[in-house]
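Just so it is clear: chains get the letters A, B, ... in the order the sequence lines come, proteins before strands, and each one is counted from 1. Not measured: the values here are computed from a predicted model.
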2 protein chains.
Amino acid sequence: MSQMQSVEKQLRQMILGLEIGPGEKLTERWIESRFGASRTPVRAALLRLETEGLVGRDGRGWTVSPINLAELEQIAVYREAVEVAALRLTCALADRSAVDVIEAMLESCDNDTPREEWHRVGMDFHIELARLSGNEFLFRAVRDAMTRLSRARWLEVRDEAALARAWAEHRAILAAARLGDADEAARLLSVHIVGSRDRLVTSLANDRRGLRARGFAVVAA
Amino acid sequence: MSQMQSVEKQLRQMILGLEIGPGEKLTERWIESRFGASRTPVRAALLRLETEGLVGRDGRGWTVSPINLAELEQIAVYREAVEVAALRLTCALADRSAVDVIEAMLESCDNDTPREEWHRVGMDFHIELARLSGNEFLFRAVRDAMTRLSRARWLEVRDEAALARAWAEHRAILAAARLGDADEAARLLSVHIVGSRDRLVTSLANDRRGLRARGFAVVAA
DNA sequence: GATACCAATTTGGGATACCAAGATGGCGCC
DNA sequence: GGCGCCATCTTGGTATCCCAAATTGGTATC
């Protein structure tokens with residue numbers, strides 16, 4: 001039974017979905033019994049999730065990584081570097097029709113789209129945009145960064161106004177990219193990422209007490 | 001006996017030092033007996049090295065990643081993005097005296113310095129420069145990229161002229177950074193990375209036959 | 001001589017038994 | 001009643017065993 005991938009996927013899902021709170025302790029034995037797998041695949045899953053930054057070592061044991069405000073700010077800088085680079089490559093492509101596919105992705109969200117879907121599409125926008133560059137490393141960097149941001153971004157989805165703003169910015173970026181205007185697209189993307197970070201850090205700092213009340217560890221900047 | 005880290009380090013050393021050729025098949029049992037550890041730490045090591053891109057899955061088994069020319073070119077683009085971003089951050093720092101430490105590192109190499117040392121310092125220059133930015137993610141990105149480039153870079157060390165040129169460019173970059181001239185430093189770094197890539201890909205394409213003769217798998221661009 | 005098929009060995013993935021170190025809690029002493 | 005120490009239990013790390021699948025080598029048949 002190839003449980004390994006399953007354990008990894010399910011555990012990642014639980015962590016990203018906040019079913020297991022940031023900062024919670026994990027024991028290999030609990031995971032083992034929870035998913036009906038043995039310790040070997042559990043170990044493999046933990047090692048992989050460790051490299052993704054979703055779990056970490058806490059001395060001897062394992063811990064779900066807390067939400068770290070300082071880390072969020074650093075990731076934003078990192079994202080800006082790699083996403084802008086990817087976008088510039090995409091703008092330089094002869095055939096930029098693939099941006100329409102991403103545009104369509106955005107359009108698929110409307111008023112009665114569930115929160116989870118907005119959350120997912122909001123991340124996939126950046127991931128798929130990076131994929132268009134054709135550079136595997138830039139793509140992976142963006143994907144991994146979005147994974148790390150994923151949990152914190154649940155907050156943004158609760159704010160209708162922020163969401164509308166983000167979608168508008170996404171569309172503007174795509175429009176510039178479609179025209180091949182690299183400078184304008186890059187500028188818009190930078191603004192979007194920085195603004196997104198500010199909104200996120202602000203609302204996270206405000207909600208910090210509430211999050212802690214729910215048992216979520218939040219590390220200050 | 002905490003062999004795990006040891007297995008990982010030793011195996012990485014052997015791969016990076018080309019003691020195990022690119023493209024070679026690896027069996028967990030061979031590693032196990034080779035390092036006197038059991039399979040659990042061996043697996044942990046392989047999982048980690050997989051995320052570093054040094055080994056990969058070949059269907060069912062494990063393979064030392066071949067040297068991939070297309071990958072080298074993509075990494076150069078990736079490096080340019082993250083290293084330039086890091087360097088710009090560093091140039092914006094109030095206290096940039098730490099660049100002198102890196103300068104000193106460069107000075108430590110002279111005519112009777114062994115090849116291995118030139119190789120190591122050549123990588124550490126970029127890694128430590130990125131570390132100065134203070135951004136953990138940019139730093140890790142550069143470090144991981146240099147790790148992936150490491151094996152191919154053994155070629156560059158054989159070329160005295162290329163080495164001298166690289167060192168001169170390194171010094172120029174540091175000089176601009178010390179003055180806080182971000183644009184100039186970024187420009188010099190970009191030129192250095194692109195030039196470095198060109199030289200590497202060229203000499204690698206030339207040596208391809210020789211490398212294959214030594215049993216090294218080299219994948220074309 | 002080539003090819004198809006079968007057996008045996010090898011290999012990675014999973015499970016389990018064991019160990020040493022660290023956390024925990026209860027008991028006794030001050 | 002509070003503080004400290006020791007027994008115990010828990011936990012991750014290690015080693016070993018088992019299994020299913022795949023590769024390999026040989027043989028028999030065409």
Side-chain angles (χ1 to χ4, degrees), chain A residues 1-16 19-66 68 212 215-217 219, chain B residues 1-16 19-66 68 212 215-217 219:
Chain A
M1 216 176 343
S2 178
Q3 297 262 13
M4 192 201 72
Q5 248 196 359
S6 173
V7 170
E8 186 184 331
K9 277 193 178 175
Q10 289 185 59
L11 190 56
R12 186 190 291 110
Q13 211 63 33
M14 287 188 72
I15 293 174
L16 292 179
E19 295 174 55
I20 314 178
E24 264 184 57
K25 288 237 184 295
L26 285 176
T27 70
E28 295 184 356
R29 258 102 180 178
W30 178 82
I31 303 169
E32 186 183 2
S33 69
R34 176 69 177 71
F35 298 107
S38 93
R39 293 181 64 202
T40 310
V42 167
R43 193 73 68 80
L46 285 170
L47 284 172
R48 289 242 173 68
L49 294 176
E50 185 187 21
T51 69
E52 294 180 30
L54 296 183
V55 304
R57 302 199 124 85
D58 170 46
R60 212 172 126 81
W62 296 93
T63 311
V64 177
S65 302
N68 186 326
R212 284 191 188 276
F216 294 168
V219 177
Chain B
M1 209 173 353
S2 178
Q3 296 264 13
M4 192 201 71
Q5 248 194 359
S6 174
V7 170
E8 187 183 331
K9 277 193 179 174
Q10 289 184 60
L11 190 56
R12 186 188 292 110
Q13 211 63 32
M14 287 187 72
I15 294 174
L16 291 179
E19 295 175 55
I20 314 180
E24 265 185 55
K25 289 235 183 297
L26 286 176
T27 71
E28 296 183 355
R29 259 106 181 176
W30 178 82
I31 303 169
E32 182 184 7
S33 70
R34 175 69 176 74
F35 298 107
S38 91
R39 292 180 65 201
T40 311
V42 168
R43 289 211 200 137
L46 285 170
L47 284 174
R48 289 244 172 67
L49 294 177
E50 185 187 19
T51 69
E52 295 181 31
L54 296 184
V55 303
R57 301 200 123 85
D58 169 46
R60 208 172 128 84
W62 296 94
T63 310
V64 178
S65 302
N68 185 326
R212 284 193 189 274
F216 295 169
V219 177

* **Cationic N near anionic O, under 4.0 Å, A:Glu52 to A:Arg48** =>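 Not counted as a salt bridge, because no side-chain N and carboxylate O are separated by less than 4.0 Å.
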Please report, rounded to the nearest Å, how far the [atom2] atom of [N] is from the [atom1] atom of [X].
| X | N | atom1 | atom2 | result |
| --- | --- | --- | --- | --- |
| A:Asp58 | C:dG22 | CG | P | 14 Å |
| B:Phe35 | D:dA15 | CZ | P | 14 Å |
| B:Leu26 | C:dG12 | CG | P | 9 Å |
| A:Glu32 | C:dG14 | CD | C1' | 11 Å |
| B:Arg29 | C:dT11 | CZ | P | 7 Å |
| A:Glu50 | D:dG12 | CD | P | 13 Å |
| A:Ile31 | C:dG14 | CD1 | P | 15 Å |
| B:Trp62 | C:dG12 | CH2 | C1' | 9 Å |

Counting heavy atoms from C-beta on, name the nucleotide in [options] closest to the side chain of [X].
| X | options | result |
| --- | --- | --- |
| A:Arg39 | C:dA17, C:dG12, C:dA15 | C:dA17 |
| B:Thr40 | C:dG14, D:dG12, D:dT14 | D:dT14 |
| A:Ser38 | D:dA15, D:dG12, C:dA15 | C:dA15 |
| B:Glu28 | D:dA20, D:dG12, C:dG13 | C:dG13 |

* **Polar pair under 3.5 Å, donor/acceptor by atom type, side chain B:Arg43, base C:dG13** =>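 Side chain to base: pair found, below 3.5 Å.
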* Using Watson-Crick or G-U wobble geometry with both distances below 3.5 Å, tell me the partner of D:dT29, or none. =>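 C:dA2 is the nucleotide pairing with D:dT29.
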* **Under 3.5 Å on both distances, the Watson-Crick or G-U partner of D:dT10** =>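 Because both required distances fall under 3.5 Å, D:dT10 counts as paired with C:dA21.
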* **Option among B:Met14, B:Lys25, B:Gln13 that satisfies the side chain to side chain contact (heavy atoms under 4.5 Å, CB included) test with B:Ile20** =>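 The side chain to side chain contact (heavy atoms under 4.5 Å, CB included) with B:Ile20 is passed solely by B:Met14 among B:Met14, B:Lys25, B:Gln13.
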* **Identified side chain to side chain contact (heavy atoms under 4.5 Å, CB included) counterpart of B:Leu11 within the set B:Leu54, B:Leu46, B:Leu16** =>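 Option passing the side chain to side chain contact (heavy atoms under 4.5 Å, CB included) with B:Leu11: B:Leu46.
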* So A:Glu50 and A:Leu47, side-chain contact (heavy atoms from CB on, under 4.5 Å) or not? Walk me through it. -> CA-CA 5 Å; A:Glu50 185 187 21; A:Leu47 284 172; 4.0 Å; yes
* To do: Identify whether any heavy atom of A:Leu46 sits under 4.0 Å from a base atom; if not, whether one sits that close to sugar-phosphate; answer base, sugar-phosphate or nothing.
  =>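 The answer is nothing, as A:Leu46 stays clear of every strand by at least 4.0 Å.
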* Hey, does A:Arg43 have a side-chain heavy atom less than 4.5 Å from the side chain of B:Thr40? ->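 Side chain of B:Thr40 against side chain of A:Arg43, heavy atoms only: contact under 4.5 Å found.
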